[in-house]
2 protein chains.
Amino acid sequence: MPGAGLVERNSLTVVAPPGEFVLASSERLSPIVVAYETYGQLSPDRDNAILILHALTGDAHAAGKSTEADRVPGWWDPLIGPGRAFDTDRYYVICTNVLGGCYGTTGPGSQDPSTGKPYGMRFPLVTIRDMVRVQRELLRHLGVEQLVTVSGGSMGGMQALEWAVTFPEMLRSAIPVAAPGRLSAQGIAYNEVQRLAITQDPDWQQGDYYPGPGPARGLGLARMIGTITYKSDVSWSFKFGRTFAGRRDADRYRWSGEFEVENYLHYQGRKLVTRFDANTYLYLTRAMDLHDVSQGYPAYEDALARARVPVLMVGISSDFLYPTYQQKEIVEIRQRLGLPAYYAEIDSPFGHDAFLIEFAQLERIIEDFLEILTPD
Amino acid sequence: MPGAGLVERNSLTVVAPPGEFVLASSERLSPIVVAYETYGQLSPDRDNAILILHALTGDAHAAGKSTEADRVPGWWDPLIGPGRAFDTDRYYVICTNVLGGCYGTTGPGSQDPSTGKPYGMRFPLVTIRDMVRVQRELLRHLGVEQLVTVSGGSMGGMQALEWAVTFPEMLRSAIPVAAPGRLSAQGIAYNEVQRLAITQDPDWQQGDYYPGPGPARGLGLARMIGTITYKSDVSWSFKFGRTFAGRRDADRYRWSGEFEVENYLHYQGRKLVTRFDANTYLYLTRAMDLHDVSQGYPAYEDALARARVPVLMVGISSDFLYPTYQQKEIVEIRQRLGLPAYYAEIDSPFGHDAFLIEFAQLERIIEDFLEILTPD
C-alpha cells in the first residue's frame with residue numbers, strides 16, 4: 001500500500017471536568033474530546049509537525065486507509081505520504097476532526113453531561129476560532145509547540161488562516177486554500193438556505209432526532225444546494241450538459257423524467273445522508289458564517305498582520321463560492337504592510353471542489369513553498 | 001399618472017372544447033384561457049404590435065397601474081408608455097401571463113374539466129414553446145399577425161427567442177434579454193433544488209393543497225434559493241456585507257441572531273408566498289429546464305437560423321445564472337450563418353436581476369435597436 005499506509009484514528013480528551021473551555025460565545029464546554037490521525041514521526045526536536053484541517057463534511061482521515069479493505073484513501077491522500085508534498089519521511093502530519101463535528105470530536109451529537117442525552121441544538125454555537133483553539137489544546141497534549149505549516153481547503157483554509165491570526169507565534173508558515181478571511185454575504189446566504197432545508201424537514205424535530213436517522217430529506221437537499229456551489233457552470237456543462245436520463249424522448253415530458261445533472265445531485269444528497277449528522281451541518285455552516293478573522297481586532301488589517309511568517313494564499317480560478325479576489329485581497333494587505341505573503345492559483349474549471357481534485361497543481365504549489373521555507 | 005396609466009387585465013379563451021391544444025408532450029389541453037394586458041392602440045394596418053413576455057414569477061401586468069391606489073406599477077413600466085422605449089404613442093404593446101401560470105392564464109391551479117377540481121400535478125408538463133404557441137393563439141384572436149418585436153427578460157427572454165424559432169415569419173425582430181437558447185446543466189440544477197424545497201414540504205400534499213395556502217415554507221425556501229441566483233456576489237457584499245441584524249454583539253452567537261442578508265432572504269421568501277402558487281413554480285421551472293430551441297431541429301444552428309430578421313441578444317455583465325457567453329454564442333452562430341444578429345450588454349453589478357433594475361441602459365439599447373428597425 002503506497003502513501004500513508006494503514007492509519008488509525010486516535011482520540012484525546014483535551015478538556016475534562018472540572019476544566020472548562022470558554023467559547024467565543026462566552027459559553028462553557030466540557031468535556032471536549034478530539035479525534036485525530038497522524039502520519040509520519042515527530043522528530044526528537046518536535047520541530048517537524050504540520051497540521052491539516054478539513055472542510056465542512058470532512059474528517060480527521062486525511063491520508064492512508066483505515067482498513068486494508070478501504071476502496072478510497074483519506075481526502076488529501078495524494079498530498080500526504082512518503083515523498084509527497086506533505087512528506088511523511090520529513091514531517092509529522094496531524095489532522096483533527098473539528099469541534100462541532102460528527103466524526104469523533106465533541107459536537108451536537110455528543111452526550112451532554114448535564115442531561116445524559118445528546119446535546120442536539122443545546123450545543124453552544126462554535127466559531128472557526130474555537131475550532132483552532134481546541135486544536136491548540138490537542139497539540140499541547142501531543143507535545144507540539146511549533147508547526148512547520150498549517151493547511152486545509154475551504155473551511156479547512158478558514159482554520160489555517162485563523163491559526164495565523166490566533167497563534168502566529170506557533171507557526172513557521174500557513175497555507176490556506178480556497179478560503180476567505182471573512183465569509184461574504186453571498187456565502188452566508190448559501191449557508192442559510194442549506195440550513196433551512198434541514199430545519200424545515202419535520203424529521204429534524206428541533207434537533208432531537210438521535211438516535212434516529214434525522215432529517216434525511218432536508219440534509220440531502222442541503223447537500224444538493226451545496227454541491228452546486230462547489231462546482232462551476234463550465235464543469236456542469238462539460239460533465240452533464242443537457243443529457244437526459246430517460247430512455248425515451250417522451251420521458252422528458254413526465255415528472256418522473258430526470259436530466260443526468262439531477263440524477264447526480266440526488267445521488268450526492270443521498271450519499272451524504274448516510275455518513276453525516278444534520279445538526280453538525282447546521283453548526284459548521286454557522287461557524288463559517290461567523291468566520292471573520294478581524295473579530296476582536298480593530299480592523300481586518302490588524303488581524304492579518306499578526307503572523308510575521310510567510311502566508312501562502314491559494315485560490316481557484318473558477319471558484320465562485322470563495323472567489324480569488326478574497327485570497328488576493330489578503331495577500332495585498334499583507335504585502336502592503338511589508339509582511340511575507342504569496343498568492344498561487346489553481347487553474348481549473350472544476351470550481352471550489354478543485355482543492356479536492358487538482359492534486360498535481362496543489363502538490364507543485366505546496367512543494368515549492370515548503371522548499372523555500374525549509375531547504376534541505 | 002405618467003406612463004401607461006390605468007390599465008385593465010383582459011382575458012380570452014383561446015382554446016375551447018371541443019377544440020384541443022396539443023402540447024409538446026403530446027398531451028391535450030382544453031380549455032385554455034389567457035390573461036393579458038395591452039397598452040397603446042393597434043394601428044388600422046395592424047402593423048404596430050409588440051409582445052412582452054414575463055419571467056418566472058411575473059404576470060401580464062407589465063406597465064401602468066391596475067388601480068389608482070397601486071403603489072408600484074407593472075414590472076417593466078419604465079420601458080413601456082408614451083415616449084418610452086416601447087413607445088405606446090407608436091406601438092400597441094401586449095403582455096400575457098404564460099401557460100401554466102397563476103395570474104389568470106390556465107395552469108395547475110385551474111379547474112380540470114374532467115374532475116371539476118383544480119388540476120394540481122395532473123396538469124400536463126408545458127414547455128416554453130407551448131407558452132409561445134398559446135400566445136400565438138391569443139394574437140390570432142386579437143387580429144395580430146405581425147409583431148414589430150418580441151421581448152422579455154429571463155424566462156421572458158427564453159420565450160422571445162423561441163418566438164424567433166417557432167414563428168419567425170410573424171416577426172420583424174426579437175429582443176431576448178438575459179436568457180439562454182437552452183438551459184445549462186447548472187440552470188437545471190438550481191431549478192431542481194428549488195422544486196425539491198417545495199415538494200419536500202408536507203404541506204405540498206402532492207400538489208393537492210387547493211384552496212389552502214399550500215407549501216408556504218417550501219415555496220419560501222425555493223424563492224430564497226432563486227434570489228441568490230438573481231443577484232451577484234458583489235451586489236450582496238455592497239448591499240449587506242457582514243452586517244449583523246442583532247442589537248448586541250453577543251446575539252451573533254445565538255441561533256436567533258441573523259445577518260442582514262439572511263433577514264432579506266427570509267423577507268423575499270415570505271413575500272413571494274403571499275402572491276404565488278407553488279405548483280406553478282414547479283411547472284414553470286420545469287418548462288425552463290426543458291427549454292432548448294433546438295428541440296425538433298437537427299441542430300442548435302438550424303433552430304437559430306430560422307429567423308431572417310434582426311435578433312438582438314442582451315446580456316448582463318454580472319449574470320452568473322445565464323452568463324453572457326450564452327447570449328454571445330447565439331449571436332456568433334447567427335453571424336456565422338450570415339443572419340442579422342446583434343449583442344448588447346447591460347453593464348451592471350446587480351446580476352441576473354439587472355433586467356428589472358437597469359432601465360436607463362435597457363431603454364437606450366432597445367430604443368437604438370428599434371430606431372434602426374423602424375425609422376420614422
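In what follows, every heavy atom counts, from backbone to side chain, and hydrogens, waters and symmetry copies are set aside. Please read these numbers as outputs of a predicted model, since none were measured by experiment. Below, chains carry the letters A, B, ... as their sequence lines are ordered, and counting in each starts from 1.
Residue contact with chain B, scored on non-hydrogen atoms closer than 4.5 Å, involves the side chain of A/Thr127 exclusively. Interface remark: A/Pro323 contributes side-chain atoms only to the contact with chain B (heavy atom separation under 4.5 Å). Interface residue B/Val261: only side-chain heavy atoms are found under 4.5 Å from chain A. With a 4.5 angstrom heavy-atom cutoff, B/Thr227 does not touch chain A via any of its atoms. B/Asp289 touches chain A through backbone and side chain together, each having a heavy atom under 4.5 Å away. Proximity to chain B is limited to the side chain of A/Arg195, based on heavy atoms less than 4.5 angstrom apart. With a 4.5 angstrom heavy-atom cutoff, A/Leu23 does not touch chain B via any of its atoms. Of the atoms belonging to A/Ala197, heavy atoms from both backbone and side chain fall under 4.5 Å from chain B. Within the 4.5 angstrom heavy-atom criterion, no atom of B/Tyr322 approaches chain A. Only the side chain of B/Phe244 comes within contact range of chain A, judged by heavy atoms closer than 4.5 Å. Proximity to chain B is limited to the side chain of A/Tyr325, based on heavy atoms less than 4.5 angstrom apart.
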### Query
After noting the C-alpha distance and the side-chain angles of A/Glu329 and A/Arg182, does the key distance pass the salt bridge (charged side-chain N to carboxylate O under 4.0 Å, His left out) rule?
CA-CA 11 Å; A/Glu329 184 193 19; A/Arg182 48 190 173 192; 3.6 Å; yes
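The backbone N or O of B/Phe123 sits less than 3.5 Å from a side-chain atom of B/Tyr283, completing a donor-acceptor pair. Between the side chain of B/Ser318 and the backbone N or O of B/Gly351, at least one donor-acceptor pair lies under 3.5 Å. The backbone N or O of A/Ala24 sits less than 3.5 Å from a side-chain atom of A/Asp130, completing a donor-acceptor pair. Using a distance-only test at 3.5 Å, with no hydrogens or angles considered, no donor-acceptor pair links the side chain of A/Arg252 to the main chain of A/Arg248.
One finds no salt bridge joining A/Arg129 and A/Asp292 here, because no Lys/Arg side-chain nitrogen approaches an Asp/Glu carboxylate oxygen to under 4.0 Å. A salt bridge links B/Arg286 with A/Glu262: at least one charged nitrogen is closer than 4.0 Å to a carboxylate oxygen. In summary, A/Asp203 and A/Arg217 do not engage in a salt bridge, as defined by a charged side-chain N under 4.0 Å from a carboxylate O.
Of all the heavy atoms in B/Val234 and B/Pro349, the pair that sits closest is CG1-CB, 4.2 Å. Heavy-atom minimum distance, A/Asp233 versus B/Gln326: OD2-NE2, 4.4 Å. Residues B/Ala185 and A/Ser237 come closest through the heavy atom pair CB-N, 4.2 Å.
Of all the listed residues (A/Leu282, A/Thr243, A/Val126, A/Asn191), the one sharing the greatest number of non-hydrogen pairs under 4.5 Å with chain B is A/Leu282. Here B/Gln200 is the residue among B/Gln200, B/Met224, B/Lys231 with the most heavy-atom pairs under 4.5 Å with chain A. For the set B/Glu192, B/Glu258, B/Gln194, the count of heavy-atom pairs under 4.5 angstrom toward chain A peaks at B/Glu192. For the set A/Phe240, A/Trp255, A/Tyr190, the entry with the most heavy-atom pairs within less than 4.5 Å of chain B is A/Trp255. When each of B/Pro124, B/Gly269, B/Gly241 is checked for heavy-atom pairs under 4.5 Å with chain A, B/Gly241 comes out on top. Annotation: maximal heavy-atom pairing with chain A below 4.5 Å, among B/Asp201, B/Leu183, B/Leu265, occurs at B/Leu183. Chosen from A/Glu260, A/Glu27, A/Gln186, A/Met121, the residue pairing most often with chain B at heavy-atom distances under 4.5 Å is A/Gln186.
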